[in-house]
Amino acid sequence: MNLKYFDNTILLFGLGMFLFGALHLRNFKFENNFGDRGNPLAIVRKSNNTVKKKSAMNLGWADTWESEALFSDDQVFTFENSSADLEFLNGANIEVSEKTLFKIQMDKGVLNLDLAEGIIFARISKKSGPLLINIKNRQFKLESTSATVQLKRTENISEVVVVEGKATISNQESSIEARENQKLELTSSRLLSETPLLEVEEEVVIESEEEVITEFGDWDKYTGGVKIELRKPDQQVDFNWDGKSEDKFVFELSYMPNFEKNLITKKVSGANTKISFPKTGTFYWRAKKVDSNGNIVFQKPVKVIIKPTPPPEKPILEKEMRLKIKEKSSSIYEKMFELLVASSFAGDRYVEIPMPENEDAKSYLIEIYSDSDGKNLVVKGTTSESTWKWENPKAGVGHIRVSVVDFWDRQSPFSDLTKIVIEEIQIKKIEKVSLLSPYHGFKTVGDKVTFKWKSNVEGDYFLEISKDISFKNILVRRLIRTNSTTIESRDLPEKFYWRVKQGKGTSYKRRVQVIRGIQPKKKIVKKRIKKKKFRKKYKKLGVSFKPTMTDYTTTLSGSQVSVDGTALNGFEINYMKGRDDENGFYVPFYQVEFSRTAGEVFNTLKFHNQALSFSYGDLFHYLPFQTRLNVGANEVTTYTVSSTSVVEDSGLYFHGGVGALYPFRFLTQDFEFSLDIGFGTDTLFEIGLVSRKKLSKNLQSIIGLKLSSHEFETENGDAEISETSVLLGLEKLF
């Protein structure tokens, strides 16, 4: 191949791309109204905290918003301390708990929920029709005239609990009608009916004494017993009975008074033990003793009713809260990281708001409003700690209310709104004395030396003069009430240091003064800058696979829409021409780079991001790194989302700026660190780290990482794209 002809071709291709981008796709736009996805199946009525939605074949997960339509094969995921309410068009309603993932479908006109994990409360009726559930690749049908059911799926449990009413649960093998408080375990082949979770009990009486008998007689389950209220599930309960510490017992816990089916059978040394109840309800327990002759001695069984403590009451807050804004302290590593990452990612200011004391609190819900009527919500959050950290607050007056969630996930009413005053950080003014003259290294042959300084606060000063820089032996110390003073030269040593102090802990500076003797002028020799010697010219062409993690954010009228995900179908082509210097560092004269990433979002809309850039260097050959000028064009797609449609914008944006490339060697490997900044219709910030390894004389591998950010304005609002890319490729040397 004629390399000179190839170079000219690359340059013409780059210029052609600029002209083509300026004339094409500038105002390209079209709208998709989901017509090819069928009719919507549900509407998001409520979305609390972080709830994500993912359409089929979508690039990534996107935030949900109220009144958003959901279609067949859409997936929904709720993060920790998050929830959502969905209303289906057939009349069914579901409440989605935290950390729940499911997919909605329509199977032959019947609503189908594919529950992967988590908890869903579904309200079904004769009007809504049956509800299909997919569990472990098996399908179950729920039918009822009016019922509320809880669907639960974990790694080890798949079950349905009828919370209210009656419901029929069936599959191809069997059908069971479950009443209120009935639990049904769902397996891949059958339905297993269990005892109801709760039973209606009469008022119980705590038995005063427990009699040890040798044989078990008839038992009346409605007499005797004890009621225990638990603060949280799996709370341990102490059991004690008559016996000695050296005796051996067998402790038994059962649903039934005749102990036909035991939940717990435990060997115990001594007359006490601790257990955790698997759930609430009515249980029976006893202790069996086996004596040395093999005789079994039973203790009289005792009925135990396990119930949760009463739900939390409305919390009471202080009449007024006054809190000061604090600043986070950063380590040296965090400060170095903040130089490369936008400061908006770090919450440097915060306020710690104390929560009302409640030993039954699992977590707290917090809401802060700007008005005393509770109409304008400013921020809301959750915490399981005794304080809640409000990130980046603004100083001013607001109103706060708090709700308590206990360990049984029952929520109390919100407290009354109380006034909260956020006070700004009081920055202490630093007192500092700045010395003006004589300056450091000053020489004079005059009879007098005038000392001058300045300070940002008023007060008295102390002028100190010493022969040593540590000021161990102070020769002169004077109280001065102005910002200057004059001292006779004969009262000063030939060489000295001076400083001014003001108040306790006031900072100061030191200076050197030589006042006797005229020093001969030194001949100034102009130092020549040694220029780099360049050697062999190089040309190289690289092609890299470029998987990219992309985050799109579009802001319109104060609302933000984000789409993020990973695009695997990306590539980058890079051509460089230059020569190396005497140290072996590669110094390109110019570089042409083209990259493209593409994918699909919102089920049917196409997404792509392609960029062409041209850079020239090296401007300053004597520096240890390369400096260069760069220009580029970037064609991107962004989206404006409403409740009924998605509008795609495609535009071409330009930038120009400067960059730097620093080659270095770490251990036995060569690396290049790059930094580029551009301004124009596209504001660019990009950093990269690339490593190259020789595979043969004219072939080398590329492994690298790039972080880039683009900001630009579209017709529908401001847009920002952040990309994290991995480079895996090969380079050919000519």
Side-chain angles (χ1 to χ4, degrees), residues 31-80 82-125 127-135 139-142 148-153 552 554 559-565 599-605 607 639-648:
E31 183 172 328
N32 186 318
N33 60 3
F34 298 106
D36 57 344
R37 299 184 61 195
N39 296 323
L41 300 183
I43 299 294
V44 179
R45 290 305 182 195
K46 191 175 182 181
S47 177
N48 295 322
N49 295 337
T50 306
V51 181
K52 297 282 188 178
K53 181 206 74 172
K54 186 178 186 295
S55 301
M57 303 301 293
N58 198 359
L59 179 66
W61 291 85
D63 294 331
T64 61
W65 60 92
E66 293 183 1
S67 301
E68 180 182 8
L70 299 178
F71 295 81
S72 182
D73 294 327
D74 282 358
Q75 298 183 63
V76 177
F77 179 69
T78 55
F79 283 68
E80 187 174 3
S82 303
S83 62
D85 292 353
L86 274 61
E87 179 180 342
F88 291 89
L89 299 186
N90 65 352
N93 293 269
I94 66 171
E95 297 178 7
V96 187
S97 300
E98 64 175 355
K99 294 186 287 188
T100 298
L101 172 63
F102 68 96
K103 179 168 65 175
I104 63 173
Q105 295 173 316
M106 185 63 72
D107 188 356
K108 297 179 181 180
V110 179
L111 181 63
N112 190 336
L113 292 182
D114 191 346
L115 180 60
E117 62 176 327
I119 298 175
I120 291 178
F121 290 89
R123 292 183 291 275
I124 57 177
S125 62
K127 179 182 177 181
S128 66
L131 173 67
L132 299 180
I133 311 169
N134 284 345
I135 300 289
Q139 194 173 82
F140 300 87
K141 180 188 291 187
L142 274 69
T148 300
V149 297
Q150 172 188 293
L151 312 175
K152 183 176 182 180
R153 172 75 185 277
Y552 285 75
T554 303
S559 300
Q560 286 190 346
V561 176
S562 298
V563 179
D564 53 17
E600 188 177 59
V601 296
F602 297 107
N603 198 33
T604 58
L605 299 184
F607 134 79
Y639 306 93
T640 303
V641 182
S642 65
S643 60
T644 58
S645 65
V646 173
V647 178
E648 176 187 3

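We're numbering straight along the sequence, starting at 1. Basis for what follows: all heavy atoms, side chains included, without hydrogens, waters or symmetry-related copies.
- Considering only residues two or more places apart in sequence or on other chains, Ser82 meets the side chain to side chain donor-acceptor pair (under 3.5 Å) condition with none of them.
- Taking OG from Ser55 and CG from Leu70, the interatomic distance works out to 8.5 Å, rounded to the nearest 0.5 Å.
- Atom CG of residue Leu101 and atom CD1 of residue Ile120 lie 9.0 Å apart, to the nearest 0.5 angstrom.
- Taking Ser83 as the reference, Asn48 meet the side chain to side chain donor-acceptor pair (under 3.5 Å) condition, with sequence neighbours excluded.
- Using a cut-off of 4.0 Å between Lys/Arg side-chain N and Asp/Glu carboxylate O, Lys54 and Asp74 are scored as not salt-bridged.
- Nearest approach of Ala42 to Phe88, heavy atoms of both residues: CB-CD2, 3.5 Å.
- The main-chain N or O of Val51 is found under 3.5 Å from a side-chain atom of Thr64 such that the two form a donor-acceptor pair.
- In plain terms, the two heavy atoms of Arg153 and Ala116 that are nearest each other are CG-O, 3.3 Å.
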**Message:** Assess the residue pair Ile94 and Phe102 against the criterion (side chain to side chain contact (heavy atoms under 4.5 Å, CB included)); give the C-alpha distance rounded to whole Å, side-chain angles, the decisive distance to 0.1 Å, and a yes or no.
**Reply:** CA-CA 12 Å; Ile94 66 171; Phe102 68 96; 4.0 Å; yes
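- For Lys141, the NZ atom counts as loosely surrounded, since its 6.0 Å shell holds 12 or fewer non-hydrogen atoms of other residues, nucleotides or ligands.
- Gln139 places none of its side-chain heavy atoms less than 4.5 Å from the side chain of Ile133.
- Distance check: Ile104 CD1 to Asp114 CG gives 11.5 Å after rounding to the nearest 0.5 Å.
- Evaluated for a side-chain contact (heavy atoms from CB on, under 4.5 Å) with Gln105, the options Asn134, Leu111, Leu113, Val110 yield exactly one hit, Asn134.
- Pairs passing the side chain to side chain donor-acceptor pair (under 3.5 Å) check and including a residue from residues 84-97, sequence neighbours excluded, read Arg45-Glu87, Glu95-Arg123.
- Separating the CG atom in Leu115 from the NZ atom in Lys152 is a distance of 11.5 Å, to the nearest 0.5 Å.
- Between the Thr100 side chain and the Ile119 main chain, a donor and an acceptor come within less than 3.5 Å of each other.
- Minimum interatomic distance between Ser128 and Gly91 (heavy atoms only, all atoms of both residues): CB-C, 3.8 Å.
- Taking all atoms of both residues into account, the shortest heavy-atom contact from Glu98 to Phe79 is CB-O, 3.6 Å.
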